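Take a look at the structure below.
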Amino acid sequence: MKRLWIPGALVAAVILLALLAPWLGLADPVKQDIAQRLAGPMPGSPLGRDEFGRDVLSRLIWGARTSLGVAFAAAAIAGILGTMLGLVGGWFRGIGELLTVRSMDIILCFPPVLLALLVVTLLGPGAGTLILVLSVLYLPGFARVTYAEVLSARSHDYVEAVRALGAPTGRILLRTVLPNIAGPVLVQLSLAVAAAVVLESGLSFLGLGVVPPAPSWGLMIRGARATMEQSPLLLLWPCAALSLTILAMNLLCDGLRDAVDPRTPAARPRPRLIDRMLPGMLPPTERTGAVLDLQGLTVEIATPRGRIRPVEDVSFSVRPGETMAIVGESGSGKSVTATALMGLLPPAARPVAGAVWLGERDLLRLDEPALRALRGGAMAMVFQDPMSSLNPVHRVGDQVAEAIRAHRTMTAKAARAEALGLFRRVGIADPERRLDAWPHELSGGMRQRVMIAMALANRPGLLIADEPTTALDVTVQAQILELLAELQRETGTAMIFITHSLGVVAEIADRVTVMYAGQVVEQGDAAAVFAAPLHPYTRALLAATPDGDGQPAGIPGVVPQPHAFPTGCRFAPRCSHAVAACEAAPVMLDETQGGRLTRCIRWTELANGAECAA
Amino acid sequence: MIAGLARRIATSLALAWIVATIVFLALHMVPGDPAELLLSTGGIAPDPATVAELRSRLGLDRPLADQYFDFLSGLPQGDLGNSLVDDYPVAQEIALRLPRTLELIGAGALLAVVFGIPAGTWAAMHRGGTFDRVASGLAALLLAVPVFVVGTLLILLMAQALRLMPAGGFVPLAQDPVQHLTLLALPAIAIAKGLTAIVFRMTRSSVLDALSRDYVRTARAKGLSPARVLVHHVVRNALSPVLTVLGLQMGTMLGGTVLVEYVFNWPGLSTPLLHAVEARDYPMVVGIVLTVSGLFLLINLAMDLLYAVLDPRIRAT
Amino acid sequence: MTTPSATPLVEAKGLSKIFHTGGLFRRGRAVQAVRAVDAGVARGEALGVVGESGSGKSTLGRLMLGLMPASGGTVSFDGRPLGRTSGRDWRALRRRMQIVFQDPYGSLDPRRRVGAQIADGLAIHRVGDAGQRAERVAGMLERVGLDPSHAQRYPHEFSGGQRQRIGLARALASGPDFLVADEPVSALDVSIQAQIVQLLAELRRDLGLALLFISHDLPVVRHLCDRVMVMYLGRVMEEGTAEAVFTSPAHPYTRALISATPQLRPDRRADRILLAGDPPSPSNPPSGCVFRTRCAHARPACAEAVPELRPHGESRRVACIRAEEIA
Amino acid sequence: MVGGSRCITMTRRALLGAGLSLPFLSLPGRAQSADGILRFGLSAFPPNLQPWVSTGAAAGTVKLMLHRSLVTYDSKGQLRGELAESWSVDDEGAWVFKLRPGCVFQNGDPVTADDVKWSIEQIAGETSTAYMRTQFQGIERIEIPDPQTVRLVTKTPTATLPTWFANYNTFVLSRNSTPSEPIGAGPFRLAGQERGTAIELAAFDKFYKPGFPKLKGIRFTVYADENLRVAALQSGDVDMIEYVPWQSMGTVESDPRLRLDAVEGPFMCVLFNATRPPFDDPRVRQAIAFAVKREDIVKAAFFGRGKPMAGLPIVAGTPWYDDALANGWAYDPAKAKALLAEAGHPDGFQTTLLATAQYGMHKDTAEVVQQHLAAIGIQCELQLPDWSTRVARGTKGQYDIAIHGLAADNNDPDGLTSVIDTSLAPTHGRSFGLKAPKTVDALARGRAEFDPAKRVEIYKEMQRAALEEVPLAGLAWRSQGYGLDRRLTGFTNLPGALTTSSGATLEETSFT
């Protein structure tokens with residue numbers, strides 16, 4: 001909010017000054033004293049006198065009163081009328097829209113100064129006419145902003161909900177829609193005021209605005225321009241006042257817009273001081289010939305509310321041809337792990353411990369060019385939402401060819417031919433035509449196939465799939481899972497499959513890692529884990545998954561926030577087997593004799609007792 | 001697509017016609033008689049008889065409807081009638097003046113694009129950095145200072161104090177290109193002042209939005225070089241909204257350069273428009289307004305087409 | 001499962017809805033979202049509507065609530081046709097049927113306190129005074145498993161699961177008889193999902209609600225609903241008791257749907273039926289049976305006429321002329 | 001002796017003007033003009049160059065070069081013969097003009113009496129829009145005793161008829177001229193024009209005065225913005241400019257390379273709408289005349305470049321100028337209050353003051369008048385519409401009191417007819433519906449009196465009547481200056497109201 005404070009104070013000061021003008025004991029802004037014409041600073045008039053000998057300071061402040069008064073009045077009128085028109089236009093599409101929003105185009109066609117001139121000549125100059133002109137000029141701006149906001153608000157469910165409750169349209173518009181579009185309208189209001197002040201001074205400058213002798217900044221500039229040679233300073237004061245006020249208003253608008261617009265990410269990324277960790281800081285660990293070997297990876301993110309560790313001490317390895325599933329609910333850190341592997345973490349995030357061995361190289365200690373050579377080459381990634389993962393303005397064929405040529409130098413034609421082969425390989429019907437299709441012309445399933453083709457373009461040793469089928473329909477999901485399995489069998493690629501659905505894990509995974517609140521809580525062969533889960537969380541997850549028989553049991557409570565991870569076992573608050581010891585100290589991963597891992601101090605007790613699923 | 005285009009052109013023409021009609025009627029309602037005005041240049045009192053005679057010669061005593069239909073019938077052939085002041089064809093005056101205003105706005109827009117877009121992109125790339133803060137503050141300042149203030153100060157500084165640049169005026173390009181361009185410099189800067197700030201802010205927010213998109217992450221995951229990601233993916237997407245806004249701004253500028261033309265004595269289209277309204281020169285005013293709103297709508301149409309070309313999703317509808 | 005009373009509370013006959021893309025003047029393409037669907041939900045009964053995206057299940061839900069004018073067919077509520085009611089008594093009907101949405105973050109008004117939104121139903125119809133409404137709100141919050149003191153908080157202070165509970169409280173505050181739940185749990189994590197499903201089951205039983213449960217997640221529907229209706233490209237493929245449809249699916253599409261659902265236990269995984277290609281575009285559906293282009297058992301005859309929903313066994317109807325042959 | 005008031009250009013000064021200014025070169029020295037071509041900075045582009053229609057002083061200056069009439073003014077403001085060698089009144093009161101032999105039109109045809117007759121008939125024609133139409137319709141018969149003599153018989157004796165032909169809207173053209181092709185007998189021919197920006201004239205070799213014009217050509221360039229006009233003169237882009245803005249007169253005077261030639265000709269005054277009480281009462285009008293401190297107007301509106309005018313606009317130094325009468329309305333607020341009380345408004349009244357925002361000097365004068373009237377209790381609300389609305393409301397009498405600025409036709413009191421003869425048809429240039437019988441009668445008598453001594457008496461009597469009936473309340477004379485390069489000789493700014501006709505002396509102008 002800091003950005004709001006300074007301009008806000010400045011604007012408030014100007015407005016206050018204008019309002020208090022009568023009581024500031026200023027000289028009469030209109031009384032002439034021709035003898036003192038163009039006099040410099042003198043007692044009683046610190047800024048000197050204008051071409052009629054009137055006190056410049058009082059005219060400046062009274063001028064503010066006129067200019068701001070006109071601007072606020074015009075912006076308010078335009079605001080109210082424009083918002084109403086936008087509301088009606090946005091809600092009653094069809095005729096309503098035509099009447100309200102399309103009619104605005106007529107106003108926009110008019111050159112602004114001509115509109116002002118016509119109205120002024122028709123009704124005679126003066127503040128009243130000026131307000132009318134300015135509000136007409138700013139009406140379209142408000143109508144359009146409100147129209148757009150109403151359209152977007154309308155698409156939200158809470159508007160439909162109130163409609164379903166039987167609320168009359170008027171109530172919906174005023175009680176539900178209006179408050180939610182207040183933010184952008186407010187921003188538009190402050191923009192309109194700033195613009196109105198500029199236009200008012202422009203019109204007065206041309207003699208079409210405020211009638212003398214009433215003071216206004218535009219008139220002062222016009223007068224001062226005539227006597228530029230005799231006293232240039234006269235020009236300085238109104239220009240400075242005008243520019244300063246508008247600058248303050250513009251900054252206020254920016255601050256307001258940022259505060260209102262949820263999209264702007266709150267956290268301002270501050271790169272941490274130490275760059276990559278110094279090589280050799282950690283003891284070298286032996287490598288097991290796995291394609292990928294994660295050891296104790298920990299990622300830290302700097303947020304306004306302090307440093308958080310969404311991923312802590314995560315280790316697993318993947319052998320060629322093997323699929324390691326990483327399962328966990330939202331907030332478990334599974335996606336952060338994947339992004340950390342690819343080195344695609346946002347600037348604010350930083351891996352602070354552990355190592356990630358891809359073959360011979362530790363990805364965490366590679367510099368950017370070396371890591372970039374691997375991305376899309378030795379290791380590739382497929383993302384969750386096919387709708388937004390492809391660039392809408394490039395053809396899908398070109399985007400795949402681009403991936404190929406990023407790692408191998410070849411002619412565009414050759415790359416295109418290879419892309420065609422890839423399209424056929426991932427089962428895209430009629431590949432020749434589809435190469436030149438735009439992303440929005442393909443279905444979700446088709447687009448995901450393109451993503452897979454793009455990932456496999458350079459025959460990666462490791463494929464990371466981050467919830468590739470979550471956004472797809474179940475029949476399409478089945479096709480994609482089948483395709484991935486087939487490709488893996490054929491190419492022997494190691495695959496990390498991230499998902500929150502246990503069903504999918506059972507279908508496709510050889511080994512599984514269960515994550516909860518940033519930690520690995522269980523790891524082992526998928527069949528074994530599903531048959532006899534060791535960690536209470538895994539057991540509860542299995543119980544919660546409806547599979548036809550048995551009542552799905554929910555897990556009470558909520559996943560803890562990264563800022564407030566409990567010290568002890570992070571699942572304890574929601575675990576039905578929790579005991580005091582659980583919450584005492586951080587729990588380490590235990591290794592069972594069968595090579596399975598679990599992070600629960602009571603796992604042996606629970607396993608022997610073979611209690612049925614709680 | 002073509003049907004949509006034809007429909008759009010039809011609505012634009014209808015809008016331009018509505019605007020012209022409104023102006024035609026408004027002008028006739030405004031007090032002041034062109035014939036009397038012409039004869040009372042310099043404050044002298046014309047003899048009412050001669051005023052009446054001039055009115056009939058100029059056809060102003062005919063009923064309004066006839067004058068309107070004369071105006072309409074002339075339109076298809078591009079005949080906008082003659083000026084009441086000196087019987088000079090309006091179309092020729094516009095043909096003489098319009099290119100100068102377009103040139104001014106074009107130069108301003110060029111400066112805006114050359115400075116605004118790179119700065120905006122760089123500020124977005126280094127969001128929150130010193131460049132971003134300084135540039136955003138400067139943009140706010142540029143927006144804040146009104147154009148006639150900038151104009152006056154520029155003349156005061158460059159022309160009269162330093163005598164580096166001419167104080168204003170115009171020389172046809174053919175006659176003396178170098179002088180023409182030096183004369184164009186100052187007013188173009190004044191126009192570019194506002195435009196650059198708007199383009200900068202629009203580019204910055206548009207690039208920021210593009211950077212947050214999934215397909216940029218996909219591009220980086222493909223191992224593309226940062227430069228390729230920036231140009232091919234980020235800027236390519238961020239460009240279309242920026243160009244549309246720039247187009248709209250240039251459209252509204254058409255009738256709005258009067259302040260710059262006045263301060264720099266640049267004989268564009270806005271100044272004769274104001275003169276014509278003052279002299280109640282009906283054909284000239286309506287002619288210019290029709291041209292300006294027609295061009296405004298044309299630019300809008302062009303921007304929509306450009307948007308469709310840049311963004312295939314739009315092209316589909 | 002409670003035995004549903006015979007006569008349906010809400011009944012749709014030959015219901016269809018056509019959307020026109022294209023602006024005010026332009027005649028865009030006509031998309032048939034829902035085509036001649038018959039559906040009935042009795043008091044205390046839960047009807048599951050299953051189908052993939054583009055199948056028209058959400059549109060059907062909104063049509064049966066009268067939130068959207070139907071292009072064809074009728075919807076009657078408690079015997080009275082909805083189409084022609086207007087003005088005051090249309091609003092009175094509103095109190096008796098409500099809806100819950102999928103996206104927890106979009107279904108609550110970010111600008112108003114949660115308590116006020118729950119009381120909206122009562123306030124709009126001016127039921128009782130402020131005190132009684134507050135009381136009712138507290139009761140509803142407790143009923144959906146939240147602390148009554150939450151009434152003063154704003155939506156952004158709650159998790160996804162809690163927001164869905166608030167949505168439920170708002171819908172049930174005015175005591176409706178018919179509730180449409182449009183994919184209420186698809187956006188939630190498994191553990192939270194199970195909690196909400198439990199809550200829905202309890203509420204349906206305690207309040208004797210007629211529930212229309214729309215979802216693409218077959219296991220959840222199987223658990224919660226008495227009868228199930230499978231939709232594809234706006235038409236009903238198969239309809240019957242949950243038990244019958246899930247254990248022995250008759251329509252090829254239902255079979256493919258069930259086999260595609262990932263199963264926890266390996267023994268459940270029947271041989272997988274993989275559908276080829278993508279669903280056709282709704283603006284020009286195939287002639288005859290809309291599923292024929294992707295059906296392994298399609299014959300030329302399937303293209304001629306739109307298959308009727310014919311009884312198949314005692315508690316099921318199927319829209320497939322070869323249902324008996326491929327059983 | 002009747003003459004419409006002369007038109008002087010109401011510059012569009014501070015406000016709007018599209019103009020072209022040759023870019024003044026960056027080097028501070030003054031650029032040399034090429035081979036005898038005079039570069040003249042105009043303040044506005046002449047709307048059109050029709051010979052007999054009045055369209056402003058800029059057009060007048062150019063027309064004076066293209067055409068010639070029977071007489072014009074010499075450098076001291078006296079009439080001097082042009083196409084006419086001599087002129088006199090015969091015993092029947094008709095004016096006889098003897099033509100100068102050997103004068104030819106620019107197409108070579110000799111200038112004959114028939115051309116004069118044809119020109120007069122065109123001006124007085126029923127469908128003519130000429131400026132002097134009504135006056136020329138006062139001519140009964142035109143007789144041509146011989147090709148070199150023209151005898152004009154007027155319906156009523158008019159002593160001031162010769163001055164009609166000194167006006168730059170009453171040129172003698174060849175009788176085979178066409179509306180689009182006027183053939184005049186002036187010292188320069190129209191060589192070319194660039195619309196809105198410049199006009200080129202070339203010398204006419206067979207001009208009837210041998211050795212004239214001394215210049216080879218004139219290039220008129222338009223600088224609508226006054227600051228730019230002065231900048232162009234200072235940098236040497238142009239050799240002389242008209243309408244030097246008051247605030248820059250000092251800089252032109254002090255510049256060693258330049259010369260300022262300023263004259264007080266045009267003036268500002270207050271007009272009344274006598275159909276609206278209380279302005280039908282002469283005492284109220286007198287009160288207003290006494291209430292204004294005119295020095296303030298000169299200082300505020302014209303940067304001190306002018307002179308207060310506390311009486312009728314009679315040019316000092318002319319025979320009918322009387323110092324006492326010229327200060328009839330000297331600043332006397334107490335008397336003004338007394339007059340108001342006498343007229344039944346002891347504590348003043350509310351009214352409106354019409355002027356225009358389009359011209360700085362009108363607005364500034366109005367603001368000063370408003371303050372001074374407020375001092376004696378008359379609260380005026382300023383109405384500053386654009387110039388066209390000001391003209392329209394003036395003609396229709398939609399105002400209470402109004403500020404007006406103009407110049408008389410010539411320095412003869414009869415030149416004031418168009419501004420003080422309120423019996424004529426209403427126009428924005430005169431008070432509306434104001435009865436001033438004694439003044440109007442004195443005007444008519446003065447016009448018909450041939451004996452100069454008697455005319456002086458009549459016009460003094462007229463001034464006394466006007467001081468009492470107040471057909472207009474004089475405010476201040478305005479200085480009107482030309483800025484020239486010091487090397488230019490031969491050009492003189494004609495005194496008083498004739499300043500706008502100074503263009504006539506351009507033929508004697510040359511570079512030393």
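Note that these values count all heavy atoms, side chains included, but never hydrogens, waters or copies made by symmetry. First the proteins, then the strands, lettered A, B, ... as listed; each starts at 1. From a predicted model like this one, the values you see are computed outputs, not experimental measurements.
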For the backbone of [Y] and the side chain of [X], can you confirm whether one donor and one acceptor N or O come within less than 3.5 Å of each other?
{"X": "R478(D)", "Y": "M268(D)", "value": "no"}
{"X": "R65(A)", "Y": "A18(A)", "value": "yes"}
{"X": "D55(A)", "Y": "S58(A)", "value": "yes"}
{"X": "S45(A)", "Y": "L47(A)", "value": "no"}

Exercise. Check each atom of V30(A) against the heavy atoms of chain D and say whether the ones under 4.5 Å are side chain, backbone, both or neither.
Key: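 Its backbone and side chain both get close to chain D.
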
Which of [options] touches chain A most, by non-hydrogen pairs under 4.5 Å:
{"options": "G250(D), A300(D), A374(D)", "value": "A300(D)"}
{"options": "T356(D), T251(D), L384(D)", "value": "L384(D)"}
{"options": "E367(D), Q371(D), Q370(D)", "value": "E367(D)"}

Self-check item: cation_pi(R37(A), F303(D)) dist<6.0 Å, angle<=45
Solution: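 The answer is yes, since R37(A) meets both limits relative to F303(D).
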
Self-check item: D386(D) portion near chain A, given a 4.5 angstrom heavy-atom threshold
Solution: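 Only the side chain of D386(D) comes within 4.5 Å of chain A.
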
Quiz item: For K363(D), is it the side chain, the backbone, both or neither that has a heavy atom under 4.5 Å from a heavy atom of chain A?
Solution: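 Just the side chain, heavy atoms under 4.5 Å.
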
